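Here the structure is a predicted model, which means the values were calculated and not measured.
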Amino acid sequence: MASNTDQEFQRAMQMCRDIFKKKLYDYKPSWRMLRPESLTDQLYIKAKRIRTLEINKESRVGEGILPEFMALINYGLVGLIQLEKGFADKVDMTNDEAMADYDRWAEVCTQLMLKKNHDYGGAWEEMRVSSYTDFVLTKLERIKEIEDHAGETIASEGIDANYMDIINYSVFAVIKLGVRQQ
């Protein structure tokens, strides 16, 4: 099962990477200007929209749940880059530099998934997509608290670990909603 998960995970990540690259062409890395709290709020509105769509079963703007999970992955990777580099007052990197950072953090997340998938015995396969949504929202509440404490934690993982969990839960959702539907 792990090798199948790995292949599906890679396909989902590639789908997200393709979108990220196209958006870089359109906007450059304009997200470099996002302060941590703004990035958290961006992730929150994406996750909240997913939950609303799951509950109401209706989208009035025509975009569904799958693109929002893909956005969570891409914004989560942006979050990891921003944590590492800090925010900027203007775009201060090239598209190629942004893609290199994206790819490096995507690989870190993939390796974490492989380790956790082994230890948890592929439990994600039996979870509902709505649970991924709830877990993402919970992780975002934790990030908000950590931000409110100036990044300090006493007994918990930091913001980076929460971003990686958000990314990995979202990839599992993309696998179930997109990769396996192809």
Side-chain angles (χ1 to χ4, degrees), residues 1-2 4-27 30-31 34 36-82 98-99 102-103 105-110 112-114 116-117 120-144 159-182:
M1 183 62 75
N4 191 35
T5 295
D6 184 30
Q7 292 168 2
E8 290 176 324
F9 198 92
Q10 293 295 340
R11 281 202 314 268
M13 290 297 280
Q14 186 62 48
M15 289 167 55
C16 294
R17 185 184 191 280
D18 291 346
I19 290 169
F20 188 83
K21 189 171 184 176
K22 289 174 185 173
K23 290 200 177 211
L24 273 179
Y25 176 84
D26 289 344
Y27 306 129
S30 57
W31 43 262
L34 287 172
E37 297 83 1
S38 299
L39 185 55
T40 300
D41 287 344
Q42 179 65 26
L43 285 159
Y44 177 77
I45 63 171
K46 296 293 183 186
K48 185 69 174 170
R49 182 166 188 272
I50 292 168
R51 190 176 203 176
T52 301
L53 291 173
E54 288 171 345
I55 292 168
N56 294 341
K57 310 249 187 275
E58 174 190 17
S59 170
R60 292 188 179 174
V61 296
E63 295 175 352
I65 294 171
L66 177 61
E68 298 293 5
F69 272 114
M70 294 172 78
L72 285 173
I73 294 162
N74 285 340
Y75 277 113
L77 289 163
V78 163
L80 290 167
I81 296 167
Q82 293 293 82
M99 286 308 305
Y102 180 99
D103 290 339
W105 280 110
E107 181 59 26
V108 170
C109 292
T110 300
L112 177 65
M113 179 281 300
L114 290 170
K116 285 188 172 187
N117 193 51
Y120 287 90
W124 73 272
E125 291 273 8
E126 298 170 35
M127 293 171 59
R128 297 173 188 96
V129 171
S130 60
S131 294
Y132 303 139
T133 306
D134 292 349
F135 293 161
V136 167
L137 285 164
T138 300
K139 294 287 181 180
L140 287 165
E141 284 301 317
R142 292 176 182 178
I143 290 170
K144 287 180 185 182
I159 293 172
D160 58 341
N162 284 286
Y163 280 148
M164 286 188 259
D165 286 345
I166 288 168
I167 292 163
N168 287 341
Y169 287 133
S170 297
V171 173
F172 292 148
V174 169
I175 290 169
K176 286 189 171 192
L177 297 171
V179 169
R180 290 187 177 163
Q181 305 301 317
Q182 295 176 350

Ile73 and Ser170: which non-hydrogen atoms are nearest, and at how many Å? CG1-CB, 3.5 Å
Going by side chain to side chain donor-acceptor pair (under 3.5 Å), name the residues that satisfy it together with Glu68, two or more places apart in sequence or in a different chain. Lys46, Arg49
Taking the side chain from Gln82 and the backbone from Leu39, do they hold a donor-acceptor pair closer than 3.5 Å? no
Hits for side chain to side chain contact (heavy atoms under 4.5 Å, CB included) against Phe135, two or more places apart or cross-chain, chain-then-number order -> Met127, Ser131, Tyr169
Looking only at non-hydrogen atoms, find the nearest pair between Cys16 and Asn74 and report the distance. O-ND2, 3.1 Å
Residues forming a salt bridge (charged side-chain N to carboxylate O under 4.0 Å, His left out) with Asp103, sequence neighbours excluded: Arg17
For Phe9, which residues count as a ring-ring contact (aromatic ring centres under 6.0 Å, His included) partner, sequence neighbours excluded? none
Can you list everything that forms a ring-ring contact (aromatic ring centres under 6.0 Å, His included) with Tyr163? Sequence neighbours excluded, please. none
How long is the span from the CH2 atom in Trp105 to the CD1 atom in Ile81, to the nearest 0.5 Å? 9.0 Å
Glu126 meets the salt bridge (charged side-chain N to carboxylate O under 4.0 Å, His left out) criterion, sequence neighbours left out, with none
4.5 Å side-chain heavy-atom contact, Leu80 and Ile167: yes
Spatial distance of atom CD1 (Ile166) from atom CD1 (Ile159) [nearest 0.5 Å]: 10.0 Å
Correct closest heavy-atom pair for Gly178 and Leu66 would be CA-CD2, 3.9 Å
Report the distance from atom NZ of Lys116 to atom CH2 of Trp124, rounding to the nearest 0.5 Å. 15.0 Å
Contact summary for Ala12 and Ile175, nearest pair of heavy atoms: CB-CG1, 4.1 Å
Return the set of residues passing side chain to side chain donor-acceptor pair (under 3.5 Å) with Thr40 (not counting sequence neighbours), or none when no residue passes. Glu147
What one should report as the nearest heavy-atom pair of Leu77 and Ala106 is CD2-N, 3.6 Å
Taking the side chain as every heavy atom from C-beta outward, state whether Lys21 and Tyr102 have any pair of such atoms under 4.5 Å apart. no
Hey, could you give me the CD/NZ distance between Glu125 and Lys176, rounded to the nearest 0.5 Å? 6.5 Å
Results of ring-ring contact (aromatic ring centres under 6.0 Å, His included) for Tyr75 - residues two or more places apart only: none
Among pairs that include at least one residue of residues 132-141, which meet salt bridge (charged side-chain N to carboxylate O under 4.0 Å, His left out), considering only residues two or more places apart or in two chains? Arg51-Asp134, Lys139-Asp165, Glu141-Lys144
Rounded to the nearest 0.5 Å, how far apart are OG1 of Thr110 and CG of Asp6? 7.5 Å
Answer whether the closest heavy-atom distance between the side chains of Tyr44 and Ile143 falls below 4.5 Å. no
List the steps and the verdict of side chain to side chain contact (heavy atoms under 4.5 Å, CB included) for Ile19 and Met70. CA-CA 9 Å; Ile19 290 169; Met70 294 172 78; 3.3 Å; yes
Tell me, please, which residues at least two apart from Glu54 pass side chain to side chain donor-acceptor pair (under 3.5 Å). Thr133
Identify the heavy atoms of Leu24 and Ala98 that sit nearest to each other, and give their distance. CD1-CB, 3.9 Å
Please check this pair: side chain of Tyr132 against backbone of Val174, looking for a donor-acceptor N/O pair closer than 3.5 Å. no
Residues two or more places apart in sequence or in another chain: which of them pass side chain to side chain donor-acceptor pair (under 3.5 Å) with Gln10? none
